[in-house]
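Here's the structure, in structure tokens; my notes come after.
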Amino acid sequence: MRETIVCIGQIGKTAYRFPQTEVSITSYEELCCYLSQHLICYLYTLPDEDLLVYIKEELGLDKLYRQLVKLQSPERDQMKYFATLFREGNYYSEDEIRKILDQYRTLKNEPYPLQCKRIGDMLLGYGKATMAIQYYDEGLKRLEDQEDEMAGSLYHNKGIAHARLFRFEDAKIDFIKAYQNNGDENSLFHYYGLLVFHEGDLAKAAKEIRESFHVSDIVMDTFEEKLAGMMEEQQYTEDAAKYRKIVYLNVRNRNEDAQHYFESMVKDQQNSFRKELEAHEKWVVTNVPLRYSIDKK
């Protein structure tokens with residue numbers, strides 16, 4: 001179900017698009033709704049000046065524009081910035097504003113690696129895998145190779161992001177590191193799934209999992225049942241038909257043909273995701289909220 005937003009103020013003639021998520025808004029009410037749900041993006045920075053210009057010129061909120069300009073400096077209280085923005089148009093009640101600001105305060109006080117993970121997860125949900133990886137790496141950097149559940153979660157989700165970018169070898173490494181850090185069998189299952197996808201050989205993939213990670217027969221049976229269920233759901237898709245051909249070629253020892261067909265299939269998929277794949281060159285590290293660069297001695 002999609003959320004309905006009732007807009008009573010001026011509607012912009014053009015839309016404002018938030019650069020992190022590419023979500024567009026055309027009204028003050030939509031702006032409030034978006035910011036209240038994406039406060040995690042603004043723990044160490046504030047919305048850019050282009051938004052202030054949009055508020056003034058497209059939404060006709062000159063008073064709010066002048067108030068926010070005074071609060072734009074990063075040294076000022078960021079909570080005051082959002083409180084001012086939310087109160088001006090009376091879209092939220094005072095109780096709702098207090099809850100939103102309490103949520104912001106809670107996010108602000110969370111450990112930095114967890115903040116990075118939350119932003120990365122949000123971006124991954126928007127299909128921004130390249131940008132998400134930057135945040136996962138930033139969180140892992142602060143952990144300084146510390147092995148714990150948080151490191152495992154960061155590596156696992158980083159593996160998902162790499163897989164979406166067809167960087168399968170990187171994804172395998174991430175899932176292994178995730179399993180080493182938190183012992184979560186879900187990370188090992190993702191690694192197993194990538195092995196099957198690459199090799200087209202269930203028996204070979206299962207053997208590697210058994211020998212390298214010493215999993216029990218019960219766990220291995222669970223993995224195979226889960227994978228079989230996923231493959232059954234996808235059996236009528238175009239990609240599934242291509243994958244079955246790869247398996248067919250491998251079974252008949254036509255490994256070179258299978259590898260060629262696999263590379264062709266991946267290339268076709270990459271072309272469909274070309275915009276996201278190329279984003280890595282355009283996305284600069286300075287967009288990551290580098291708290292460590294602020295408190296670095």
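Basis for what follows: all heavy atoms, side chains included, without hydrogens, waters or symmetry-related copies. We count residues from 1, following the sequence as given.
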In Å, rounded to the nearest 0.5 Å, how long is the span from [atom1] of [X] to [atom2] of [Y]?
X	Y	atom1	atom2	value
L46	Q72	CG	CD	5.5 Å
N181	D184	CG	CG	11.5 Å
Q180	S187	CD	OG	10.5 Å
K70	K80	NZ	NZ	10.0 Å
I100	R105	CD1	CZ	12.5 Å
R164	I133	CZ	CD1	10.5 Å

Student check: side-chain heavy atoms of [X] and [Y] closer than 4.5 Å:
X	Y	value
Y16	E58	no
L51	L31	yes
N182	D148	no
F82	P47	yes
E49	V53	no
V23	Y34	yes
H156	D174	no
Y104	L43	yes

Electrostatic pair K117:D121 at N-O distance under 4.0 angstrom:
yes
Test: D102 and K99 ion pair at under 4.0 Å
no
Using side-chain hydrogen bond (donor to acceptor under 3.5 Å, both in side chains), reason through Q115 and Y44 one step at a time and then give a plain yes or no.
CA-CA 11 Å; Q115 293 171 350; Y44 304 105; 2.4 Å; yes
In terms of side-chain heavy atoms, does [X] have a donor or acceptor partner in [Y] at a distance below 3.5 Å?
X	Y	result
Y54	T14	no
Q103	T106	no
S36	Y92	yes
E30	T26	yes

side-chain contact (heavy atoms from CB on, under 4.5 Å) assessment of R210 paired with M220
CA-CA 8 Å; R210 291 177 188 275; M220 202 65 242; 3.3 Å; yes
What closest approach, in Å, do [X] and [Y] show between heavy atoms, and which atom pair accounts for it?
X	Y	value
L68	Y81	CD2-O, 3.6 Å
A132	G120	CB-O, 3.3 Å
E94	R87	OE2-NE, 2.9 Å
P113	L154	O-CD2, 4.2 Å
S24	A15	CB-CB, 4.0 Å
G12	L59	N-CD2, 3.9 Å

Given the rule that I, L, V, M, F, W and Y join up when any side-chain heavy atoms are under 4.5 Å apart, are L188 and I173 in one cluster?
no
Run the side-chain contact (heavy atoms from CB on, under 4.5 Å) test on H38 and Q20 for me, step by step, so that the C-alpha distance in whole Å, both residues' side-chain angles and the decisive distance to 0.1 Å come before the verdict.
CA-CA 10 Å; H38 296 80; Q20 300 99 326; over 6 Å; no
What's the verdict on side-chain contact (heavy atoms from CB on, under 4.5 Å) for K226 and N186, showing C-alpha distance, side-chain angles and the deciding distance?
CA-CA 11 Å; K226 185 176 180 180; N186 189 39; 3.5 Å; yes
Assess whether ring-ring contact (aromatic ring centres under 6.0 Å, His included) is satisfied between Y91 and Y28, documenting all intermediate values.
CA-CA 8 Å; Y91 177 67; Y28 169 77; 7.0 Å; no
Answer yes if the ring centres of H190 and F223 are under 6.0 angstrom apart, and no otherwise.
no
State yes or no: are the ring centers of F175 and Y155 separated by less than 6.0 Å?
no
If the condition is side-chain contact (heavy atoms from CB on, under 4.5 Å), which residues does D221 pass it with, not counting sequence neighbours?
E224
List for me each residue that meets side chain to side chain donor-acceptor pair (under 3.5 Å) alongside E208, sequence neighbours excluded, and say none if there are none.
Y191
Would you please test I25 and F18 for side-chain contact (heavy atoms from CB on, under 4.5 Å) and show each step?
CA-CA 8 Å; I25 58 100; F18 287 91; 3.8 Å; yes
Donor-acceptor pair, distance only, cut-off 3.5 Å: does the side chain of E185 make one with the backbone of V219?
no
Can K158 and D170 be said to form a salt bridge (charged side-chain N to carboxylate O under 4.0 Å, His left out), step by step?
CA-CA 9 Å; K158 183 183 171 187; D170 290 333; over 6 Å; no
Can R98 and D95 be said to form a salt bridge (charged side-chain N to carboxylate O under 4.0 Å, His left out), step by step?
CA-CA 5 Å; R98 278 194 292 271; D95 284 343; 2.2 Å; yes
Let me see the working for R66 and D62 under salt bridge (charged side-chain N to carboxylate O under 4.0 Å, His left out), right down to the final yes or no.
CA-CA 6 Å; R66 286 185 273 107; D62 187 67; 3.0 Å; yes
